[in-house]
Amino acid sequence: MGTLNKLIQNRFAMICIIFLVTVVLTGFFAPWLAPHNPVDVNVKEKLAGISTTYPMGTDQLGRCILSRLLYGIRTTVLIAFITMAATIIIGTLIGGIAGLFRGKIDEIIMRICDIFMSFPSEVMILAIIGMMGPGITNIIIASIIAKWAWYTRMIRSIVIKYTDKNYIQFARVSGFSRWHIFRKHIMPNATGEIAVLATLDIGSVILMISALSFLGLGVQAPTPEWGMMLSEAKNVMIIHPGLMLPPGIAILFVVAAFNFLGDSLQDAYNVKHRKRWR
Amino acid sequence: MLLEVKNLSIYDAETKDTIVEDISFTLEQQRNLGIVGESGSGKSMTVKGILGLVAPWMKVSGTAYFEGEDMLKMKAKAMQNIRARHISMILQDAMSAFDPLDTVGKQMMETLCEHLKISRKEAKQISLNELGSLGIQEASQMMKKYPHQLSGGMLQRCMIAIAVAIKPDVIIADEPTTALDAITQSEVIATFQRLHAQKRITFIFISHDLGVIRHLTEEVLVMKDGKSVEYGRTREVFRYPQNKYTKYLVDTRLNLACSFEKIMRKGPYDA
Amino acid sequence: MLEMKNVYKSYPKKGTGFRKEKLSVLADLSFQINTGEWVALLGESGSGKSTLGRLILGLEEADRGSLLLEGRNATAWRKENRGQMSVVFQDYTSSVNPAFRIKDIINEPLKVSCRNNCIRETTKSLMGKVGLPLSLLNRYPHELSGGQLQRICIARAIRTNPRFLVLDEAVSSLDISIQTQILDLLHQLKEEMDITCLFIAHNLQTVTYLCDHVIFLNERKIAEQIETKKLADVQSDYAKRLLASAVQFNGLDEELRI
Amino acid sequence: MKRYIIKRLLSVIPLLIGISFLAFILINLSESDPAEVALRVNEITPTDEAVAQMREELGLDKSFIERYLTWVTSSIKGDFGNSFINNKPVINEIVQALPATLLLALVSFIIIVVISVSASIICTIFEESWIDRTIRGLVFIGEAMPGYWIGLLLMWFFSIKLNLLPTSGMTSWASVILPGVTLALAYISTYVRLLRNNMVQNKSENFVLYAKARGMKKRIILKRIFKNSLQTTITALGMSIPKLIAGTVIVENIFAWPGIGRLSVAAIFNYDYPVIQAYVFLMAVLFVACNLLVDIVTAMLDPRMRKEV
């Protein structure tokens with residue numbers, strides 16, 4: 001369809017897609033691609049420079065940075081994907097119900113969302129992690145709780161936008177059931193917009209997860225994770241500042257690629273979004 | 001001769017579409033010009049091109065002489081002066097044409113102070129007079145209102161009042177009645193007719209409604225797909241259309257009017 | 001066919017608050033449409049004419065009053081007569097799902113009244129009926145012009161042979177030459193089909209072209225209901241003014257004298 | 001207008017009740033028994049007897065609703081209980097840490113306002129020029145950079161490499177510069193993007209075309225564009241205040257800034273539930289209050305809102 005063509009024509013967006021696919025595949029095949037075990041400590045070789053055995057050098061415990069970076073994809077990107085998928089499923093379910101049925105149910109759901117959205121997401125996540133303790137599962141749960149309300153609201157407004165379209169009004173007049181309308185008319189059109197939302201937001205999820213790990217609240221040592229690698233690099237900043245670069249750049253590139261892709265997707269979807277001038 | 005446009009073409013550099021192609025017309029003192037065409041025929045773009053109101057990526061070529069000067073080659077500053085003093089414009093969508101955050105009166109006065117170099121007090125007086133002569137009661141109350149508090153017809157009149165108060169040589173009205181309800185529409189048209197007769201203002205009307213154009217203009221330019229298909233005296237063009245497309249437009253329009261006319265003629269008033 | 005009695009309708013005003021303020025759009029409305037008649041509903045923007053259409057279609061509920069279809073409660077009627085009521089909207093671009101092919105769009109209503117066996121045959125004749133080539137069937141909506149899309153919407157609306165049709169400003173956003181074509185099409189359908197129709201419009205000329213009765217709606221109320229033939233002797237002030245303004249710009253040659 | 005403010009104030013009440021309830025539930029999510037935790041952190045062996053005593057002391061033996069009500073009523077009075085760690089009233093700890101956080105938030109708020117407003121105005125005036133493109137490019141990179149990474153890089157460059165500014169702590173006035181800039185940089189991109197898009201969109205509004213058509217000067221037209229963007233600007237910047245205060249968590253930890261963000265993270269590591277509870281509740285209240293204020297201010301600015309209510 002038109003959307004896909006437009007995306008393919010956008011060369012930079014294609015580069016982003018290729019890059020992200022490569023990143024995901026690299027993460028998947030990390031055990032075969034990484035030169036070393038990412039958790040193998042080798043104190044003799046600590047803070048080594050670039051060499052053929054250690055293409056990116058080693059950290060303060062002598063662990064191979066490249067290997068840790070590659071394995072880090074598994075944690076960071078995977079956690080982000082899981083969080084996003086779960087949030088979207090919850091948001092679509094609840095937001096869909098609210099948007100489709102309106103009335104009392106909608107009112108109640110929206111008030112609950114209001115309450116959840118009164119907490120800044122950072123605070124909400126801190127609170128939940130504070131209560132349940134640090135750890136991977138807990139940051140995923142915390143991020144979902146912090147984000148679901150916003151998604152529910154966005155997806156509800158998307159659903160409502162479509163229910164106001166004439167072709168849905170026509171289907172209602174013809175006597176189609178709500179379920180039929182939702183399945184045939186709303187979902188296919190809304191999926192694209194939800195995908196745009198998710199792509200635009202996944203970067204911020206990655207940033208948040210790595211930030212929590214940086215604080216020591218997320219992924220626990222010795223599991224390799226980019227945010228945590230930065231936190232470790234901080235400790236040896238004075239003697240070996242170079243350690244800060246690989247994980248930081250990795251996060252920057254992945255997040256930037258997702259953001260750019262999200263923007264291009266949005267442009268491709270909204271033909272009307274094109275610059276207007278009267 | 002007030003305005004002479006020759007071989008005007010507008011080209012969209014982004015989409016590489018030609019929007020207006022080779023349009024020529026002349027506007028004589030006191031002889032209103034109508035530009036008719038269906039949606040997308042480029043009629044509105046034509047006048048925006050002349051006044052330099054198109055987006056930067058629209059390339060305008062040709063000549064448009066106003067008082068011996070080619071408007072298409074003017075600097076932005078000189079063009080602003082033309083728009084301020086010589087050629088006023090009335091837009092189609094009155095509801096969104098005023099800044100929603102300011103009162104209508106303030107925006108009227110701002111325009112007058114700027115262009116006529118007068119004090120706010122004088123500007124207010126002129127605005128009141130103009131609004132009054134357009135048949136608006138309690139004009140001073142109205143000037144204190146914000147755009148969202150007024151109807152489309154009222155805002156349309158405010159635009160007309162601004163345009164008239166500046167005493168320009170030409171007023172260009174872009175679909176001035178399309179967004180209005182039938183009754184308001186006929187009132188606004190009556191206003192235009194009066195202004196033309198009393199204040200001796202020359203108008204360019206852009207419309208898709210042949211009935212309105214027939215009422216208001218002496219000359220007409222018929223456009224289709226960015227090209228001019230017929231240009232001449234309104235009466236003649238509508239009565240004996242030379243071009244196939246013009247004939248088609250006139251015929252469909254008459255066809256539509258016919259049943260209504262029949263019913264009305266049968267009525268008791270006919271006697 | 002349709003009878004409306006003392007119908008009131010209002011919308012909640014925007015803004016937060018506990019006491020919901022209401023904006024009344026229709027007040028104490030009563031009228032009826034006889035079977036087989038084409039009735040026009042005329043009014044200015046904001047007179048509540050579209051809301052009235054939506055009430056009849058069941059897209060909205062009235063606050064008060066009763067709506068009867070063929071002598072029965074409207075909700076019950078709709079449930080039993082799926083596909084027997086249909087509509088054409090003003091905005092043709094949002095009337096069709098952009099992801100569907102034309103053939104899927106016009107055949108969609110059939111899924112309710114389940115008469116799948118003769119689809120091919122009638123699709124063909126239907127396209128002929130609304131004056132469109134069969135080659136359009138496999139296209140997508142964005143490849144069609146406004147006039148063609150509105151024809152598609154009409155084809156879809158009459159797909160299930162409905163008994164009642166609402167045309168909500170169905171020609172208003174089209175160019176006048178296209179308007180005439182669509183009106184001709186509707187005229188022809190009126191002759192061929194046994195259908196009752198409510199034609200919502202704001203333009204008198206289009207109304208007289210097509211309808212037997214005219215209802216003037218002004219400021220939430222019915223100003224006047226009259227046979228189109230007798231349009232010239234309307235009584236109410238609003239209808240007179242509307243008529244006068246229409247008369248003025250009707251012709252292209254001589255001004256129509258009345 | 002008065003009615004609108006009253007209405008808006010009243011609408012906050014159910015929201016606050018909801019928030020306090022949610023904050024309370026969050027705290028009770030914890031898998032471990034608070035009484036046990038309280039004993040452990042004070043290095044008392046949690047025998048059954050001691051736990052039971054502690055439960056009574058903390059009021060944990062009462063019903064859920066009862067506990068909620070006591071918690072809310074005492075919270076309103078500013079009594080959030082005592083810290084598990086040092087047994088001092090939580091409110092004192094927070095009041096002690098708050099000024100540092102407020103200072104940090106204020107500094108970065110000023111930086112954000114100055115830079116994002118001026119950058120978006122420049123972008124709007126010179127739309128699609130090289131400067132607009134450059135700023136947009138920087139914004140794009142800024143949005144993808146982790147805030148704490150920027151902080152580390154700045155710290156390394158200015159404190160270690162150039163030795164211009166102190167690395168951490170709150171020792172002199174200069175110490176606020178790095179954390180303030182880091183905090184601001186994390187948010188600036190978002191705001192520049194938001195404001196610029198809003199202004200550019202306003203540029204294509206019909207009233208701008210009409211202002212041009214009636215021959216207004218460019219300066220006056222720009223003024224109108226900016227005035228129309230003011231509402232979005234105030235909303236965005238107003239809401240940035242609570243976000244900044246909440247967002248100090250990371251920055252305070254990088255630069256060892258003695259504010260409430262660091263306090264709360266320390267509390268999380270120490271399972272100091274009363275502190276976390278108080279932090280969450282106060283943040284939510286702050287968020288709601290700012291939201292309310294911003295709503296009222298923007299409503300006062302917009303004539304459409306002013307009349308309607």
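Hydrogens, waters and symmetry mates play no part in the numbers below; they use all other heavy atoms, side chains included. Throughout, protein chains are lettered first and strands after them, A, B, ... in sequence-line order, and every chain is numbered starting at 1.
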Inset, instruction - Please identify each residue that fulfils side-chain hydrogen bond (donor to acceptor under 3.5 Å, both in side chains) with B:Gln185, with sequence neighbours left out. - result: none
Legend entry - Distance (rounded to the nearest 0.5 Å) between B:Leu256 CG and C:Gln205 CD: 6.0 Å
Inset, instruction - Count the heavy atoms of every other residue, nucleotide or ligand shown that sit under 6.0 Å from CZ of B:Arg194, and state whether that count exceeds 12. - result: yes
Inset, instruction - Starting at OG of C:Ser177, measure out to CZ of B:Arg253 and round the result to the nearest 0.5 Å. - result: 12.0 Å
Inset, instruction - Determine whether more than 12 heavy atoms belonging to other residues, nucleotides or ligands lie under 6.0 Å from atom NZ of C:Lys190. - result: yes
Legend entry - Greatest number of heavy atom pairs closer than 4.5 Å to chain B - which of C:Leu242, C:Leu231, C:Asn203, C:Thr206: C:Leu242
Inset, instruction - Please say whether more than 12 non-hydrogen atoms of neighbouring residues, nucleotides or ligands are located less than 6.0 Å from OH in B:Tyr240. - result: no
Legend entry - B:Asn255 side chain to C:Thr180 side chain, donor-acceptor N/O pair below 3.5 angstrom: no
Legend entry - Residue, of C:Thr228, C:Asp184, C:Val207, that accumulates the most heavy atom pairs under 4.5 Å with chain B: C:Thr228
Inset, instruction - Please check if atom CD in C:Glu219 has more than 12 non-hydrogen atoms from other residues, nucleotides or ligands closer than 6.0 Å. - result: no
Legend entry - Reported CD-to-CZ distance for the pair B:Glu187 and C:Arg241, which is rounded to 0.5 angstrom: 6.5 Å
Legend entry - Neighbour count above 12 (heavy atom, 6.0 Å) for B:Gln137 CD: no
Legend entry - Spacing of CD1 belonging to C:Ile176 relative to CG belonging to B:Asp209, to within rounding of 0.5 Å: 5.0 Å
Legend entry - More than 12 heavy atoms of other groups within 6.0 Å of B:Asp17 CG: yes
Inset, instruction - Return yes if some donor-acceptor pair links the side-chain N/O of C:Asp175 with the main-chain N/O of B:Glu38 below 3.5 Å, else return no. - result: no
Legend entry - From CD (C:Glu44) to CG (B:Leu180), nearest 0.5 Å: 10.0 Å
